[in-house]
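In this chain, numbering begins with 1 at the start of the sequence shown.
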Amino acid sequence: MLQAVAALQLSLAESAEEASAYLEILINSRRTPSMRQHVGDLFSPLRGVLSVQMAEQKAQGYLPGWVEPEAMAALPLAVARGVVLETTIAPDGPPHAAMASQFAQLLIASR
């Protein structure tokens with residue numbers, strides 16, 4: 001899980017300048033079926049990989065029994081989208097790395 005958070009942090013850092021365009025795409029994808037499909041195609045493989053990793057971590061006892069891998073796999077992606085929004089509208093707020101670290105700590109503490 002920490003690897004997934006670190007990967008999302010790196011992705012956010014590398015694409016910070018494109019955050020506004022990314023948010024526009026997300027907003028417009030709700031109204032445009034073809035765009036919604038492209039956005040879904042972009043995130044679906046990552047969500048699948050995260051789901052498999054979380055199922056493995058759950059089976060090994062690293063994640064608690066109540067974790068539903070598919071639902072939990074969508075959560076870091078949703079948090080990442082929220083972090084992009086937050087850092088775009090409040091650039092003087094906490095940095096994305098600090099928010100991602102707090103999120104990771106919440107997951108670890110849930111054990």
Side-chain angles (χ1 to χ4, degrees):
M1 185 58 176
L2 292 177
Q3 292 173 347
V5 172
L8 289 171
Q9 281 182 302
L10 179 61
S11 179
L12 286 170
E14 291 175 346
S15 61
E17 292 180 18
E18 298 151 356
S20 294
Y22 170 72
L23 292 171
E24 287 291 329
I25 289 169
L26 291 180
I27 291 166
N28 288 317
S29 69
R30 185 172 183 269
R31 295 184 292 270
T32 309
S34 62
M35 192 178 288
R36 182 173 44 246
Q37 181 66 43
H38 288 299
V39 170
D41 291 347
L42 177 67
F43 288 106
S44 183
L46 179 55
R47 192 173 52 251
V49 168
L50 289 173
S51 181
V52 168
Q53 288 178 349
M54 289 187 187
E56 291 171 356
Q57 291 177 10
K58 181 179 175 180
Q60 295 171 0
Y62 294 115
L63 292 175
W66 56 263
V67 168
E68 296 178 25
E70 242 181 89
M72 187 62 82
L75 189 56
L77 299 175
V79 168
R81 288 186 201 96
V83 168
V84 170
L85 176 62
E86 181 63 24
T87 56
T88 300
I89 63 172
D92 294 334
H96 67 83
M99 289 185 272
S101 175
Q102 290 293 294
F103 177 69
Q105 293 303 317
L106 280 173
L107 292 177
I108 291 168
S110 71
R111 258 183 77 176

Problem - Heavy-atom donor-acceptor pair, Lys58 side chain to Val67 backbone, under 3.5 Å - result: yes
Practice task
Check whether Phe43 and Leu85 end up in the same hydrophobic cluster, where Ile, Leu, Val, Met, Phe, Trp and Tyr are linked by side-chain heavy atoms less than 4.5 Å apart.
Solution key: yes
Handout entry: Ser101 side chain vs Ala98 backbone, donor-acceptor pair below 3.5 Å
Key = no
Fill in the blank from the handout: Heavy atoms of Val79 and Phe103 approach each other most closely as CG2-CE1, 3.5 Å
Problem - Closest heavy-atom pair and its distance - Pro76, Met54 - result: CG-CE, 4.0 Å
Handout entry: side-chain hydrogen bond (donor to acceptor under 3.5 Å, both in side chains) partners for Gln37, two or more places apart
Key = Asp41
Practice task
Give a yes or no on whether Ile27 and Ile89 share a hydrophobic cluster (residues Ile, Leu, Val, Met, Phe, Trp, Tyr; joining criterion: side-chain heavy atoms under 4.5 Å apart).
Solution key: no
Exercise for the section: State the CG-CG distance between Leu77 and Leu50, to the nearest 0.5 angstrom. Expected result: 5.5 Å
Exercise for the section: Among His38, Met35, Arg36, find the one that has a side chain to side chain contact (heavy atoms under 4.5 Å, CB included) with Ile25. Expected result: Met35
Practice task
Using side chain to side chain contact (heavy atoms under 4.5 Å, CB included) as the criterion, list what pairs up with Leu42, not counting sequence neighbours.
Solution key: none
Handout entry: Nearest heavy atoms of Pro69 and Ser51, plus distance in Å
Key = CB-O, 3.5 Å
Problem - Flag, side chain of Thr87 to backbone of Val84, donor-acceptor distance under 3.5 Å - result: yes
Handout entry: From Leu75 atom CG to Glu68 atom CD, the distance as rounded to the nearest 0.5 Å
Key = 12.0 Å
